[in-house]
Structure formats: C-alpha cells, structure tokens
**Q** 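Before I ask anything, let me first share the structure, which is written out below as structure tokens.
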Amino acid sequence: MEYFRQRFKDSLDQNWPVRIGEFSWPSADVFEAMAGGDYEASFSEWVQRQKQEAKDRAKEFLEATRCLERFRTLTHRFKSGHVIPFVGAGLSIPSGFRPWGAFLISLLADAPQLRRQVDLLLSQGHYEEVAQLVHDTLGAGVFAEEIHNQLGSHYRTVLGPVALLPHLFREEVITTNFDYVLKYAYTNAELPFSNDFCGRRLREARQRIGNEPHSLLRLHGEADVEDGRVLTQREYDDAYNGSVTLTNILGGLLGARSLLFMGSSLQSDRTYSALCDLKAAASDSPTRHYAFLPCPIDDERGARRAFLANAGIHPIYYPADDHDERIEDLLVTLMEGGVDD
C-alpha cells in the first residue's frame, strides 16, 4: 500500500548507506535497484506488519478508553456502507495547515489591535463572529486574498492519515475545510471526485448526489473562490435563511447514514445545532453519528458525552498524545475489517 512506501524506505535507510570507495547510496535505493522483486515482497510483508501493529494498538487504547464496543458498532455500519466521513481542519494539519482558530489569528498581521478581542471570542467558540470582525476590519478584498494565499489550491502537499480516506470512502465526503487537501488526496489515489458542491451550491446536491455519489461536499466553500463562501456571520445568515437551512441540507444528504467526524473539535456551532435539530425531529429513532476524539480527563467525560449526545454524536476516544498516529490506527483498523478480523 503506497501510503506506507516512504516510511518503509526510511526504515531501510536507518541502516548504514552502501559505500563503494568515495561513493555512497541509500540502502533502500540499492535494494530496489539490485533486487526489485525481493524489494516489493519485503515491502508487502512490512506493510502487513504495520497494519497488524496498528490494529493491536487500536484495540489496546479502545479498551483503555472504554470505546471498543462502540468502535465495533461503527465497523458494522461502515461495512454496510452507511458511514459518511466528515473531515475537519485537524486532518489538514500534517499537510502544513493551521488549526482553524490559529488560522483566523494569522490574519491579524495588519490588524494587531484586534488580537485581544479575537482571543476572547475564540476562547468562547465564536468563530463566525471572529471571521466577521476580521473581514470587516481588513476589507473583503484583503480577506479573500489572505484565505487564498494560505489555503489555496497551489498547496498540493498531502500528508498524514487523510491520505487513507480514499481507501475507505468512495462516495460522499463532507468537509468544513477551505483547503484542497482532500481533493489532492483523492486525485493522488486515482479516485478524483466527480463533483464539488461548495457553500450555497450544497442545496443542489440533494437532487444531484444520486447520480454523482463520489462528490466532495464543502459546507463552507473553497479558498480560491469568494463567491459561495460561507465563513463570516453575515455569509452564514445569507446562505441559510427561510426554507434553506443547514438542517435541511444535512438531513437530505444523510438519510439514515451515520457521520464519522475526524479532525473536528466539535464545539457548539451551526453543524452541531443542525444535528441537534435532526435528532429532535427523529426522536423515536435518531441516526447515531460517531467521532474520533482525544480522550478528555475523567472529570470532563460526562459533560463532553452529554454535549455530543444532544446532537446524536457518540465519541470514540483515543489517547491525546499523538492525534495523527491514533487516527491512522483507527482508520487502518476500519480498512482491515475491524479489531476482530
């Protein structure tokens, strides 16, 4: 599996380089050039060991966080094709992008007088208000240029567990991210999306998704295009009004399928509120959603679980020591059929 290729080469190159006289070559390059068949066989065996070790680690920490049975339920739904990934900013961090709060703060280079107010609003989870404040202070043109500069399609790096998603999810993918990491992850895997539905265009997706299921659904829009962007408080209010609401859009897209949140902080925002509305509307048998999240300390688990449960979201906790490795372990385990296969 190509996801592991560079890691395999790095493991080989930990050995001494091959030296002949004054020349030297990396061990992996020499092995591949001199015995290509053996090299590929060794790579396949090494990948299988990596997958098994990932499954072993996942089972161990799922037992420790008391989430093993919930993960088994998620695995069953995943195998039956009833899971849609919901990808947040955390999965773009290994590719060089900032978390969402840090990104908004980074826009203040020309408006340092806002820093104190922005820090306070972010600590309270008021991301839309911060975006509106920064937009109004910088002006629409500067605001759009900054988003393009930092998140635009000219950044093509794809690193971390996001590169595993094409091997698991081949229909709809939902994201709140403006960057193009998901687009390039699927393109690199030779599974490019058939369509992108961005921002206000999501209202079209409910009618078209049946014919184009392998689509990227961008709830907030994309970095290169200002039109249709949904980021500031005013843009949210313009996009979702009257009969067009995020609740209606998500309800039409999901049906009876579960969301799997990855790289999302899952605080009180419009997506959370929409899911709360959907759960309340289906009070007899609400759809259950899942989230890969770092495990809170014991004193906070009850409050966190209750908050998520209001939106029908059930956490699958991992140790908070290494987000990328733990999410990779969970995705590899799902890909390999679960902890019991």
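All of these numbers come straight from a predicted model, not from anything done at the bench. For the numbers below, each heavy atom of this structure counts, side chains included, while hydrogens, waters and symmetry mates do not.
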**Q** Looking at every heavy atom in both Tyr272 and Gln267, which two are closest together, and how far apart are they?
**A**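 Looking at all heavy atoms of both residues, the closest pair is CB-O, 3.5 Å.
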**Q** Quick check for you: to the nearest 0.5 Å, what is the distance between Phe8 atom CZ and Ser44 atom OG?
**A**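 Separation between the atoms: 8.5 Å.
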**Q** Look at Glu325 together with Arg7 and state whether they make a salt bridge at an N to O cut-off of under 4.0 Å.
**A**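 Salt bridge absent between Glu325 and Arg7.
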**Q** Could you tell me the separation between the OG1 atom of Thr157 and the CG atom of Asp179, rounded to the nearest 0.5 Å?
**A**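 Going from OG1 on Thr157 over to CG on Asp179, the span is 11.0 Å.
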**Q** Whether the side chain of Asn177 engages the backbone of Ala89 through a donor-acceptor N/O pair (distance < 3.5 Å, no angle test) should be reported.
**A**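 Answer holds: yes.
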**Q** Would you say the side chain of Phe86 lies within less than 4.5 Å of the side chain of Leu219, judging by non-hydrogen atoms?
**A** yes
**Q** With heavy-atom distances below 4.5 Å as the criterion, would you say the side chains of Tyr318 and Thr65 are in contact?
**A** no
**Q** Does atom CD of Glu60 have more than 12 heavy-atom neighbours from other groups under 6.0 Å away?
**A**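 At most 12 heavy atoms, drawn from other residues, nucleotides or ligands, come within 6.0 Å of this atom.
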**Q** Does the structure place the NZ or CZ of Arg5 under 6.0 Å from the centre of the six-membered ring of Phe43, at an angle of no more than 45° from the ring's axis?
**A** yes
**Q** Before accepting this row, confirm whether a basic side-chain N of the pair Arg229/Glu235 lies closer than 4.0 Å to the acidic partner's carboxylate O.
**A**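 So Arg229 pairs with Glu235 through a salt bridge.
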**Q** Can a side-chain donor-acceptor contact be found between Asp224 and Ser153 if the only test is distance below 3.5 angstrom?
**A** yes
**Q** Can you see whether Thr175 engages Arg218 through a side-chain donor-acceptor pair at a distance of less than 3.5 angstrom?
**A**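 There is no such pair between these side chains.
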**Q** Mind checking the OH-CG spacing from Tyr39 to Leu12? Nearest 0.5 Å is all I need.
**A**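 Going from OH on Tyr39 over to CG on Leu12, the span is 6.0 Å.
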**Q** Would you mind reporting whether Phe78 and Phe169 have side-chain heavy atoms less than 4.5 Å apart?
**A**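 The answer is yes; the side chains approach within 4.5 Å.
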**Q** Heavy atoms only: give me the nearest Arg301-Cys295 pair and the separation to one decimal.
**A** NH1-SG, 3.7 Å
**Q** Between Arg326 and Asp321, which heavy-atom pair has the shortest distance, and what is it?
**A**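 Heavy atoms only, the tightest pair is NH2-OD2, 2.9 Å.
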**Q** Could you pull out the closest heavy-atom pair between Tyr186 and Pro166, with the gap in Å?
**A**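 Looking at all heavy atoms of both residues, the closest pair is CE2-CA, 3.5 Å.
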**Q** Please check this pair: side chain of Gln132 against backbone of Thr232, looking for a donor-acceptor N/O pair closer than 3.5 Å.
**A**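 Pair absent, no side-chain N/O of Gln132 close to backbone of Thr232.
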**Q** Given 3.5 Å as the limit, does a donor-acceptor pair link the side chain of Asn188 with the main chain of Tyr184, or not?
**A**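 Yes, Asn188 side chain to Tyr184 backbone: donor-acceptor pair under 3.5 Å.
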**Q** What I'd like to find out is whether the side chain of Pro17 reaches to under 4.5 Å of the side chain of Pro26, using heavy atoms alone.
**A** no
**Q** With a 4.0 Å cut-off, would you call Arg115 and Asp119 a salt bridge?
**A**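 Here Arg115 pairs with Asp119 in a salt bridge, since their nearest N and O are under 4.0 Å apart.
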**Q** Which of parallel (below 30°), tilted (30 to 60°) and perpendicular (above 60°) describes Phe143 and His135?
**A** perpendicular
**Q** Kindly work out whether a path of hydrophobic side-chain contacts (I/L/V/M/F/W/Y, heavy atoms less than 4.5 Å apart) joins Leu120 to Val130.
**A** no
**Q** Any Lys/Arg nitrogen of Arg72 or Asp340 sitting under 4.0 Å from an Asp/Glu carboxylate oxygen of the other?
**A**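 Result for this pair is yes, salt bridge flagged.
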**Q** Is there a donor-acceptor pair under 3.5 Å between the side chain of Asp329 and the backbone N or O of Ala58?
**A** no
**Q** Verify ring-ring contact (aromatic ring centres under 6.0 Å, His included) between His76 and His82, making sure each step is shown before the conclusion.
**A** CA-CA 9 Å; His76 176 76; His82 286 93; 8.8 Å; no
**Q** Below 4.5 Å, heavy atoms only, C-beta onward: do Thr333 and Lys59 meet side chain to side chain?
**A**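 They are not in contact (no side-chain heavy atoms under 4.5 Å apart), so the answer is no.
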**Q** In terms of side-chain geometry, is the basic nitrogen of Asp136 or Arg234 positioned less than 4.0 Å from the acidic oxygen of its partner?
**A**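 The answer is yes: the pair qualifies as a salt bridge.
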**Q** Might you point out which heavy atoms bring Ala185 and Val162 nearest each other, and give the distance in Å?
**A** CB-O, 4.1 Å
**Q** Do other residues, nucleotides or ligands put more than 12 heavy atoms under 6.0 Å from the CZ atom of Arg257?
**A** yes
**Q** Is it the case that the side chain of Ser106 and the backbone of Phe103 share a donor-acceptor pair, with hydrogens and angles ignored and the cut-off at 3.5 Å?
**A**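 Such a contact is found between Ser106 side chain and Phe103 backbone.
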**Q** What's the verdict on side chain to side chain contact (heavy atoms under 4.5 Å, CB included) for Asp322 and Asp324, showing C-alpha distance, side-chain angles and the deciding distance?
**A** CA-CA 6 Å; Asp322 191 331; Asp324 299 332; 3.9 Å; yes
**Q** Below 4.5 Å, heavy atoms only, C-beta onward: do Val158 and Leu182 meet side chain to side chain?
**A**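 Result no, sub-4.5 Å side-chain heavy-atom pair not found.
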**Q** Hydrophobic clustering (ILVMFWY, side-chain heavy atoms < 4.5 Å, transitive) - are Ile93 and Trp100 grouped together?
**A** no
**Q** Could you measure the distance from the CG atom of Leu293 to the CD1 atom of Ile316? Nearest 0.5 Å is fine.
**A** 9.0 Å
**Q** Return yes if some donor-acceptor pair links the side-chain N/O of Asp13 with the main-chain N/O of Ala28 below 3.5 Å, else return no.
**A** yes
**Q** Side-chain heavy atoms under 4.5 angstrom apart, residues restricted to Ile, Leu, Val, Met, Phe, Trp, Tyr: same cluster for Leu159 and Val173?
**A** no
**Q** Go through the steps for Gln150 and Tyr155 under the test side chain to side chain donor-acceptor pair (under 3.5 Å), then give the verdict.
**A** CA-CA 8 Å; Gln150 295 197 43; Tyr155 288 105; over 6 Å; no
**Q** So, for Leu151 and Tyr180, which heavy atoms are closest and what is the spacing to 0.1 Å?
**A** O-CD1, 3.5 Å
**Q** Below 4.5 Å, heavy atoms only, C-beta onward: do Leu231 and Phe178 meet side chain to side chain?
**A**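 Answer yes - side chains close enough.
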**Q** Kindly assign one of parallel, tilted or perpendicular to the pair His314 and Tyr290, based on the angle between their ring planes and the thresholds 30° and 60°.
**A**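 His314 vs Tyr290 ring planes: tilted.
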**Q** Please step through side chain to side chain contact (heavy atoms under 4.5 Å, CB included) for the pair Tyr127 and Leu122, ending with a clear verdict.
**A** CA-CA 6 Å; Tyr127 291 88; Leu122 289 176; 3.6 Å; yes
**Q** How would you list, by chain and number, every residue that makes a side-chain contact (heavy atoms from CB on, under 4.5 Å) with Glu145, sequence neighbours excluded?
**A** Asn149
**Q** Is there a path of hydrophobic side-chain contacts, each under 4.5 Å between heavy atoms of I, L, V, M, F, W or Y residues, that connects Phe197 with Val225?
**A**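 In one cluster with Phe197: Val225, no.
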**Q** How far apart are the C-alpha atoms of Tyr236 and His220, what are their side-chain angles, what is the distance that settles it, and do they pass the ring-ring contact (aromatic ring centres under 6.0 Å, His included) test?
**A** CA-CA 9 Å; Tyr236 271 99; His220 292 169; 5.5 Å; yes
**Q** State whether a side-chain donor-acceptor pair under 3.5 Å links Gln52 with Asp56.
**A**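 Asp56 and Gln52 do have a side-chain donor-acceptor pair below 3.5 Å.
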**Q** How long is the straight-line distance from CG of Leu259 back to OG1 of Thr287, given to the nearest 0.5 Å?
**A** 9.0 Å
**Q** For the atom pair NZ (Lys55) and CG (Leu334), what is the distance rounded to the nearest 0.5 Å?
**A** 10.5 Å
**Q** I'd like to know if Glu222 pairs up with Lys183 as an ion pair, taking the criterion as any Lys NZ or Arg NE/NH1/NH2 lying under 4.0 Å from an Asp or Glu carboxylate oxygen.
**A** no
**Q** Tell me whether the count of non-hydrogen atoms from other residues, nucleotides or ligands lying under 6.0 Å of CD1 in Ile20 goes above 12.
**A**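 12 or below, so no.
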**Q** Do Leu275 and Phe307 share a hydrophobic cluster, counting only Ile, Leu, Val, Met, Phe, Trp and Tyr and linking them when any side-chain heavy atoms are less than 4.5 Å apart?
**A**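 In one cluster: yes.
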**Q** Kindly state each residue pair satisfying salt bridge (charged side-chain N to carboxylate O under 4.0 Å, His left out) with at least one member in residues 265-283, sequence neighbours excluded.
**A**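 Pairs touching residues 265-283 that pass the test: Glu128-Arg270, Asp237-Arg270.
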**Q** Are the side chains of Ile84 and Leu260 in contact, using a 4.5 Å heavy-atom criterion?
**A** no
**Q** Using a strict 4.0 Å threshold on nitrogen-to-oxygen distance, state whether Asp341 and Lys79 make a salt bridge.
**A**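 Here Asp341 pairs with Lys79 in a salt bridge, since their nearest N and O are under 4.0 Å apart.
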**Q** Okay, side chain of Thr73, backbone of Glu69: is any donor-acceptor separation there less than 3.5 Å?
**A** yes
**Q** Count the heavy atoms belonging to other residues, nucleotides or ligands that lie under 6.0 Å from CD of Glu190, then report whether that count exceeds 12.
**A**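 No.
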